[in-house]
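Structure first, commentary second.
In what follows, chains carry the letters A, B, and so on, assigned in the order in which the sequence lines appear, proteins first and then strands, with residues in each chain numbered from 1.
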Amino acid sequence: MAEPLGGSDEPLHRAFFARPVLTVAPELLGRVIIHTTHEGVVAVRLTEVEAYDGERDPGSHAYRGPTPRNAVMFGPPGHLYVYFTYGMHWCANAVCGSPGSASAVLLRAGEVIEGVDLARRRREERRQRQSRDPAATAVRRSVSGHELARGPARLTTALGLDGTQNGADMCGATAGLSIGAGWPPGAEDVRTGPRTGVGGAGAALPWRFFLDGERSVSPYRPAVTRRRRGP
DNA sequence: AACCGGATCGTCT
DNA sequence: GACGATCCGGTTG
């Protein structure tokens, strides 16, 4: 499974991101986002994303026009828009479309396929910082690859992304950040649904895309095939 | 499995 | 001054 991460996995070109966001979003599934720091490398295979379609989309941060926060969304495609929410979480988006269209794809979930130890360490450090009583939470559970990036904030934690990477170019050679070709999905594996936490007019739009049968797909509970206990 | 509250702060009204 | 593209742990059933 390490094969595609070698030299053969070329970063997606800017032209990939320059297309309409609803075209790009499903095609990001199965791709591998890689972040390299002095700590090491973490690679995440994307399994769930959401499209946010610029200024006309009520669910989009760009809906009410440009602000200091969303400025990156209005810039060129192929860059990363990272924002802070709930007083403690970071979420990452890939800017898409033509410059000024202010559309982006929220990276909601994935599976850590390289750097699991580093990702787990980052999660643990975060828990320590947040906990009011670190001693009480010292119980370290083993966290597997598909849980480490399950959810948008966990995904950024695993990759080591925060406000520092807001605006970072994912198509440049020096960023340490890129999305590789990965294992692009067949259309038959892509599912859609309403976006999480988006109400109002945007609530009905099926702009969440995810891979069928992936355990890392975060909050999805469709036909929750709840098995009952033994007879 | 479902529900609940707590943590915590930048952003925009 | 309210709230959010959230997560976690605890409790209940």
Side-chain angles (χ1 to χ4, degrees), chain A residues 21-22 25 28 46-74 80-96 102-110 119-120 122-144 146-159 161-167 192-210 215-230:
Chain A
V21 65
L22 289 176
L28 280 174
L46 299 171
T47 57
E48 182 186 11
V49 300
E50 282 177 0
Y52 289 84
D53 193 9
E55 292 179 281
R56 62 180 174 178
D57 175 5
S60 169
H61 283 179
Y63 183 54
R64 300 184 188 279
T67 67
R69 175 177 65 157
N70 64 25
V72 173
M73 291 183 76
F74 288 83
L80 201 66
Y81 166 51
V82 187
Y83 68 91
F84 186 66
T85 190
Y86 287 101
M88 63 186 78
H89 295 305
W90 296 96
C91 295
N93 304 253
V95 176
C96 297
S103 57
V105 176
L106 171 65
L107 310 180
R108 280 199 60 88
R120 187 180 295 127
R122 284 170 172 158
R123 170 80 76 90
E124 197 62 33
E125 287 169 1
R126 184 181 176 79
R127 288 182 64 202
Q128 298 287 337
R129 283 200 307 273
Q130 287 184 189
S131 176
R132 182 170 292 278
D133 181 8
T137 61
V139 183
R140 170 189 295 255
R141 303 172 312 193
S142 80
V143 183
S144 53
H146 72 271
E147 291 172 345
L148 281 166
R150 179 182 186 143
R154 295 170 183 168
L155 183 144
T156 57
T157 296
L159 284 166
L161 299 174
D162 59 21
T164 310
Q165 282 76 36
N166 186 34
T192 68
R195 294 173 295 181
T196 302
V198 173
L205 302 170
W207 288 355
R208 188 168 67 99
F209 302 88
F210 55 98
R215 289 195 296 173
S216 58
V217 172
S218 51
Y220 190 55
R221 5 179 150 281
V224 191
T225 56
R226 49 174 301 185
R227 328 183 299 138
R228 54 179 62 190
R229 302 259 182 104

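- Following rounding to the nearest Å, A/Leu155 (CG) and C/dC7 (C1') show an atom-to-atom distance of 14 Å.
- Checking C/dG9, C/dC7, B/dC12 against every side-chain atom of A/Arg127, the shortest atom distance belongs to C/dG9.
- Contacts of A/Thr164 classified as side chain to side chain contact (heavy atoms under 4.5 Å, CB included), with partners at least two apart in sequence or in another chain: A/Asp162.
- With respect to the salt-bridge test (charged N to carboxylate O, under 4.0 angstrom), the residues A/Glu124 and A/Arg127 qualify.
- Look at A/Arg126 and you won't find any side-chain N or O under 4.0 angstrom from OP1 or OP2 of C/dC8.
- A/Met88 places its CE atom 4 Å from the C1' atom of B/dA7, with the value rounded to the nearest Å.
- A 4.5 Å side-chain heavy-atom check between A/Leu46 and A/Leu155 finds at least one atom pair inside the cut-off.
- The separation between A/His89 atom NE2 and C/dC8 atom P is 7 Å, rounded to whole Å.
- Phosphate proximity of C/dC7 to A/Arg123: absent, as no side-chain N or O sits under 4.0 Å from OP1 or OP2.
- A/Tyr63 meets the ring-ring contact (aromatic ring centres under 6.0 Å, His included) test with no other residue; sequence neighbours excluded.
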What nitrogen or oxygen pairs link the protein and nucleotides 1-5 of chain C at under 3.5 Å?
from, atom 1, to, atom 2, distance (Å)
C/dA5, OP1, A/His61, NE2, 3.1
C/dA5, N9, A/Tyr83, OH, 3.4
C/dA5, N7, A/Gly59, O, 3.4
C/dA5, N7, A/His61, NE2, 3.3
C/dA5, N1, A/Asn93, OD1, 2.5
C/dA5, N3, A/Tyr83, OH, 2.9

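- Note on ring orientation: taking the six-membered ring where Trp is involved, the planes of A/His61 and A/Tyr81 are perpendicular (angle over 60°, cut-offs 30° and 60°).
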Paired and unpaired positions of DNA chain C as dot-bracket, Watson-Crick or G-U wobble under 3.5 Å, | denoting a partner strand: ||||.|||||||.
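- Nucleotide C/dT6 holds its P atom 11 Å from the CZ atom of A/Arg208, rounded to whole Å.
- Shown here are the salt bridge (charged side-chain N to carboxylate O under 4.0 Å, His left out) partners of A/Arg64, two or more places apart in sequence or in another chain: there are none.
- Side-chain contact between A/Leu107 and A/Val49 is present, with at least one heavy-atom pair separated by less than 4.5 Å.
- The CZ atom of A/Arg154 sits 9 Å away from the C1' atom of C/dT6 (whole-angstrom rounding).
- Counting only distance, with no hydrogens or angles, the side chain of A/Ser60 and the backbone of A/Gly54 share a donor-acceptor pair below 3.5 Å.
- By the ring-ring contact (aromatic ring centres under 6.0 Å, His included) test, A/Phe74 pairs with no residue at all, sequence neighbours left out.
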